[in-house]
Each structure stands twice: as C-alpha cells, then as structure tokens.
Student: 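To start, I am sharing the structure in question, which I have written as structure tokens.
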Amino acid sequence: GRGFHFSPKMSLPPIKNFATTAIHAGQPPDPRTGAEIVPISLATTFYQESPGKHSGYEYGRSGNPTRCAFEEQIAACEGAKYGLAFASGLAATTTELASLSSGDNVVTEEDLYGGTGRLLNRVAVNFGITTTMVDFTKPEFIEKAIIPGKTKFLWMES
C-alpha cells in the first residue's frame with residue numbers, strides 16, 4: 001500500500017544503549033525506498049481506496065509517517081509504551097488537563113506561561129477544575145496547597 005506506518009507488531013533488534021535508541025527507534029528501513037531514516041512527510045492528505053479505507057494515514061493533522069516515527073522514538077528513549085507529539089506546548093497542556101474531572105484540583109506555581117495561566121483560570125474553571133497557585137520555591141507552601149483526594153497535578157514549568 002501507499003505510505004508506511006510502523007506497527008507495534010513489527011520489531012527492531014534489541015537496542016543496547018541510548019544513542020542507538022535515539023537514532024534507530026521508530027525508523028526501520030523504508031520498505032519502498034530502503035531509506036534508513038523516515039523521510040519528512042509534508043503531505044496533508046493521503047490516498048484512500050474509499051472513505052475511511054486507507055493504509056494508515058488519512059489526513060496530516062490526525063497523523064503522518066514522520067510524526068509516528070518521532071513518537072515511537074521518544075517512547076523508546078523514555079522506555080515507554082507510547083509517545084505523543086503535539087504542535088505546541090499549549091496543545092500538550094490542554095490534552096493533560098482534559099484527563100481531569102470536575103472537582104479535581106491543580107496546584108501550580110505562580111509564575112506560569114500566560115497561555116497556561118489563562119487555560120487554567122479561564123477555561124478549566126468552566127469544567128469545575130480548580131487551580132491553586134503558590135510559590136514553588138517554598139516546599140511547605142506546595143505541601144499546604146495539596147487537597148487530599150482532589151489535587152491531581154502539581155504543575156511546574158521551566
């Protein structure tokens with residue numbers, strides 16, 4: 001078929017060190033071209049035999065070979081089962097916050113990226129998620145801010 005998608009059923013030889021993992025994970029040789037490194041895919045749309053019947057990719061925003069290879073590489077370097085890549089830090093933050101439920105609490109530092117602060121204080125609050133901002137240079141303030149059973153994240157940015 002068109003395109004290439006590394007599936008969990010495929011495997012690479014055991015990787016013994018980080019440098020090798022960082023270079024080779026998620027990048028088996030391309031079966032069509034033999035390329036050792038996954039080419040950068042700039043395609044926004046991918047061939048479909050019929051609607052919803054594709055070879056692994058349908059639209060660039062939902063996935064592409066380059067992003068999949070990167071996600072697999074990151075997962076391998078971290079020793080994780082999965083890796084996720086986002087277009088921006090705020091997209092990653094939004095995804096993390098979406099795992100919370102009404103009544104949950106986030107304890108965070110006072111000095112946040114403006115987008116994170118607005119997301120917590122103007123958006124998450126509409127879903128019943130509360131935020132407690134404290135001075136993270138004082139561990140006792142962090143400890144005091146934690147609400148047992150409610151605080152799900154200690155959110156730090158650097």
Side-chain angles (χ1 to χ4, degrees), residues 1-102 104-129 131 133 136 142 151-158:
R2 293 178 185 240
F4 175 74
H5 180 65
F6 184 75
S7 76
K9 293 177 187 172
M10 300 172 81
S11 64
L12 295 171
I15 296 173
K16 297 182 183 184
N17 65 48
F18 181 81
T20 302
T21 301
I23 293 168
H24 294 291
Q27 299 194 69
D30 185 296
R32 190 171 134 214
T33 65
E36 291 281 339
I37 295 181
V38 176
I40 295 172
S41 176
L42 301 176
T44 58
T45 54
F46 296 86
Y47 173 78
Q48 294 187 40
E49 189 176 312
S50 60
K53 196 170 183 183
H54 52 81
S55 61
Y57 304 101
E58 52 192 326
Y59 191 66
R61 282 189 214 153
S62 61
N64 72 43
T66 309
R67 186 165 76 218
C68 286
F70 175 70
E71 289 173 338
E72 290 170 24
Q73 223 169 0
I74 290 296
C77 288
E78 294 291 334
K81 190 170 183 178
Y82 303 103
L84 298 173
F86 295 90
S88 70
L90 202 52
T93 300
T94 301
T95 300
E96 286 293 322
L97 291 177
S99 72
L100 298 175
S101 299
S102 181
D104 288 345
N105 173 259
V106 177
V107 173
T108 188
E109 59 189 318
E110 295 170 317
D111 186 20
L112 289 175
Y113 162 65
T116 303
R118 285 186 294 278
L119 183 63
L120 288 168
N121 295 311
R122 294 184 188 169
V123 179
V125 69
N126 294 323
F127 296 96
I129 298 165
T131 302
M133 296 181 142
F136 265 32
I142 299 169
T151 300
K152 305 298 181 184
F153 287 160
L154 292 178
W155 193 273
M156 251 175 115
E157 297 181 344
S158 62

Student: Check side chain to side chain donor-acceptor pair (under 3.5 Å) between Asp104 and all other residues, then give those that pass, not counting sequence neighbours.
Tutor: none
Student: Grab the two heavy atoms, one from Ala85 and one from Glu71, that are nearest each other, plus how far apart they are.
Tutor: N-OE2, 3.0 Å
Student: Between the side chain of Glu157 and the main-chain N/O of Leu112, is any donor-acceptor distance below 3.5 Å?
Tutor: no
Student: Kindly determine whether Phe46 and Ser62 satisfy side-chain contact (heavy atoms from CB on, under 4.5 Å), including the steps that lead there.
Tutor: CA-CA 11 Å; Phe46 296 86; Ser62 61; over 6 Å; no
Student: Would you give the length of the straight line joining atom CG of Asn121 to atom OG1 of Thr131, rounded to the nearest 0.5 angstrom?
Tutor: 5.5 Å
Student: Could you tell me which non-hydrogen atom of Trp155 sits nearest to which non-hydrogen atom of Phe136, and how far apart they are?
Tutor: O-CE2, 3.6 Å
Student: Is Gln48 atom CD crowded by more than 12 heavy atoms from other residues, nucleotides or ligands, each under 6.0 Å away?
Tutor: yes
Student: Let me know which of Val125, Leu97, Thr93 forms a side chain to side chain contact (heavy atoms under 4.5 Å, CB included) with Leu120.
Tutor: Leu97
Student: Determine whether a donor-acceptor pair (N or O, by modelled atom type, separation under 3.5 Å) exists between the side chain of Thr66 and the backbone of Ser41.
Tutor: yes
Student: Can you measure from CD (Glu109) to CE (Met133) and round to the nearest 0.5 angstrom?
Tutor: 8.5 Å
Student: Grab the two heavy atoms, one from Ser99 and one from Glu96, that are nearest each other, plus how far apart they are.
Tutor: OG-O, 2.6 Å
Student: Quick check against the 3.5 Å criterion: does Ser50 have a side-chain atom that pairs as donor or acceptor with the backbone of Lys53?
Tutor: no
Student: For atom CZ of Phe86, is the number of surrounding heavy atoms from other residues, nucleotides or ligands below 6.0 Å larger than 12?
Tutor: yes
